[in-house]
Amino acid sequence: MIIIIGVVTAQPNAARALCRSLVAWYRRNRRDLPWRRGRDPYRVWVSEIMLQQTTVRAVVPYFERFVRVFPSLQALAAARLDDVLAEWSGLGYYRRARHLHEAARLIVKQHRGRFPRRLEEALALPGIGRYTAGAILSIAYGQPLPVVDGNVARVLSRLCLVRGPRSSAREKKLWSAAADLVAAADVPGDLNQALMELGATVCAPFGPSCPKCPLRRACRARAAGLQERVPSPRRLTRPTVAVRADVAVVTRAGRLLLRRRPDQSLMHGLWEFPTIPSGGVDDGLRVELRESLATIRHSITYRRLELRVRPARLLSEPPRDRYRWVRPGDLRRLPASSLVRKIMTAVGARTDRRTGSWTFDRPLRLC
DNA sequence: GAGACGTGGAG
DNA sequence: TCTCCAAGTCT
C-alpha cells in the first residue's frame, strides 16, 4: 500500500513505482490510434485539437482525412480557411479549426514552421490552453509537463480522493498531482497518455473496472469505497429548447441552392440550406424573406430540431455573395455543418464513406 | 467564473 | 425520448 498524502505521494520512490506500473499497463493496453503512430508535433497537435470535447470514435476518420489533405504544418498554413473548415465539417466547435489554421500561419511566421518547444510560446497560440500545450509538448517533445483533462481529472480525483464540486482549489490539487506524477515518469508523454487512456477505458465515470486498474492498490477512493461517487457529478446542463424550422431545398439544373451563414451567428461562415420561418409562404422561397431565418441555438440538438424539408422555387435571383448553386458532388468541398448532411440524407442523397462525396441514386427533382 | 461553442452515441 | 457526456478554450 502506497501512502498517498495531499497530492500524490511524499515518497519519490513510490511515485516512480506508480508511474512505472501505469506506463507498463499503458504499453500493454493502449488502443492503436492513428495519431499514436509517430511523434510528429503537427499530427499530435491536430489530434489534440480534434479530441477536445469530442469522442475518439468521431475523431479517427476526420483525423485521417485531415492529415491526408494537409500533411504538414506548412500545408495547413498555406491552405485557405474555407478548405480547412470543409475538412472539419461535421466535427463541431468550428472555432477549433479557425484557431488551428491561424496558429499554423503564426508558427510559419514566428517559429520558422516548427511547433514551438517553449510552454509560453505554445500557450500564446490561439486554441492552445494549458491542457493542449502540456499534451503536445510532453508527447511530441518529451517535456515533463502535466495534463489534466476530463479523464485525468477523474483518475486523479479517485486516486488522491479529491472530493467536492468543481472549484479552483480542486483544479489546483489535480494539476499539482499531475505535475508530481509526470515529474516522476521516465517518458512524460507516455505517462500523460497512460492517465488519459486509463480514464477513457478503465476508470470510467460510471462503473469503473477497478479489478483491471494498475492503480487499484494505491487508489484512495477505492479504499474508501467511494469510486462511484468521486468525482461528484457536474452541475445540470442547460435544458434544450425545441425549435422548428422549415428548410427549403431549391434546385436548378441539378444544383442545390446554399446559403452562407452570416457573421456573428452560430457556425458563421458555414454553408447551409436556406431555412424559412414555419408557416411561411407556400408559393416558393421569396428572396425578400431570406433574412427571417430560424436561429439554431446552442444546446439544441438536431433531434429536437424539427425539419420539414420541402421543395421551393425562387421568385428572384438571390445575391451571389451569400448564396450559391452547388453540385451535390462538390458539396463536401464547402464548409458545412452536420445539418446539411442530415438534409441531404432526407432528400435521398447518399455519401461515399471514404471520399465524403454526395450522389443521388435518382435524379434530384424536387420542383 | 459562468456561459458559449457542435456533434453523435450510450443508457 | 431525454439526459449526459468526450482528450477544452475563450470571453
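Quick note on labels: first sequence line is chain A, next is B, and so on, each numbered from 1.
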(message) Any base atoms under 4.0 Å from A/Arg30, or only sugar-phosphate, or nothing? Heavy atoms, all strands.
(response) nothing
(message) If we count only N and O atoms by modelled type, under 3.5 Å, do the side chains of A/Arg350 and A/Thr345 hold a donor and an acceptor together?
(response) no
(message) Using OP1 and OP2 only, check whether a side-chain N or O of A/Tyr62 sits under 4.0 Å from B/dT7.
(response) no
(request) May I have the distance from A/Leu51 (atom CG) to B/dG6 (atom C1'), rounded to whole angstrom? (result) 15 Å
(message) Can you measure A/Arg154 atom CZ to C/dG8 atom P for me and round it to whole angstrom units?
(response) 10 Å
(message) Less than 6.0 angstrom from the centroid, inside 45 degrees of the normal: does A/Arg130 satisfy that with respect to the ring of A/Trp175?
(response) yes
(request) Determine whether the side chains of A/Arg36 and A/Ser47 contain a donor N or O and an acceptor N or O closer than 3.5 Å. (result) no
(message) Please report the distance separating the P of B/dG3 from the corresponding atom of C/dC4, rounded so that it comes out in whole Å.
(response) 15 Å
(message) Distance to the ring centre below 6.0 angstrom and angle to the axis at most 45 degrees; does that hold for A/Arg65 and A/Tyr62?
(response) yes
(request) Could you state the atom-to-atom distance from OH of A/Tyr131 to C1' of C/dC10 in whole Å? (result) 17 Å
(message) Expressed as a whole number of angstroms, how long is the span from A/Leu339:CG to B/dT7:P?
(response) 8 Å
(message) Both A/Arg57 and A/Thr54 contact DNA chain B. Taking the nearest nucleotide for each, which residue is further toward the 5' end?
(response) A/Thr54
(request) Take the protein atom CG of A/Leu125 and the nucleotide atom P of C/dT9, then report the distance between them rounded to whole Å. (result) 12 Å
(request) Apply the test side chain to side chain contact (heavy atoms under 4.5 Å, CB included) to residues A/Thr132 and A/Gln52: give CA-CA distance (whole Å), side-chain angles for both, the deciding distance (0.1 Å), then the verdict. (result) CA-CA 9 Å; A/Thr132 305; A/Gln52 289 172 4; 3.0 Å; yes
(message) Looking at C/dG8, which nucleotide sits across from it as a Watson-Crick or G-U wobble partner, both distances under 3.5 angstrom, or is there none?
(response) B/dC5
(request) Using a 4.0 Å heavy-atom cut-off across all strands, classify A/Arg36 as base, sugar-phosphate, or nothing. (result) base
(message) Applying the Watson-Crick and G-U wobble criteria at under 3.5 Å, what pairs with C/dT1? Answer none if nothing qualifies.
(response) none
(message) Below the 4.0 Å mark, does B/dT7 have OP1 or OP2 next to a side-chain nitrogen or oxygen of A/Ser338?
(response) yes
(request) Assign A/Trp35 to base, sugar-phosphate, or nothing according to its heavy-atom contacts below 4.0 angstrom with the strands shown. (result) base
(message) Less than 4.0 angstrom between a side-chain N/O of A/Lys342 and OP1 or OP2 of B/dT7, yes or no?
(response) no
(message) Assuming nearest nucleotide by heavy-atom distance, tell me which of A/Thr132 and A/Pro205 is located more 5' along DNA chain C.
(response) A/Pro205
(request) Please list residues of residues 134-145 of chain A whose heavy atoms come under 4.0 Å from any atom in DNA chain B, ordered by number; otherwise none. (result) none
(request) May I have the distance from A/Tyr93 (atom OH) to C/dG8 (atom C1'), rounded to whole angstrom? (result) 8 Å
(request) Write down the distance between OH (A/Tyr94) and P (B/dT7), rounded to a whole number of angstrom. (result) 4 Å
(request) Quickly, which of A/Leu256, A/Val340, A/Leu331 forms a side chain to side chain contact (heavy atoms under 4.5 Å, CB included) with A/Trp358? Name it, please. (result) A/Leu331
(request) Scan side-chain atoms only and decide if A/Tyr26 and A/Gln193 contain a donor-acceptor pair under the 3.5 Å cut-off. (result) yes
(message) Output the rounded distance in Å from CZ (A/Arg31) to C1' (C/dA6).
(response) 11 Å
(message) With a 4.0 Å limit, can you tell me whether A/Arg341 has a side-chain N or O closer than that to the phosphate oxygens OP1/OP2 of B/dG8?
(response) yes
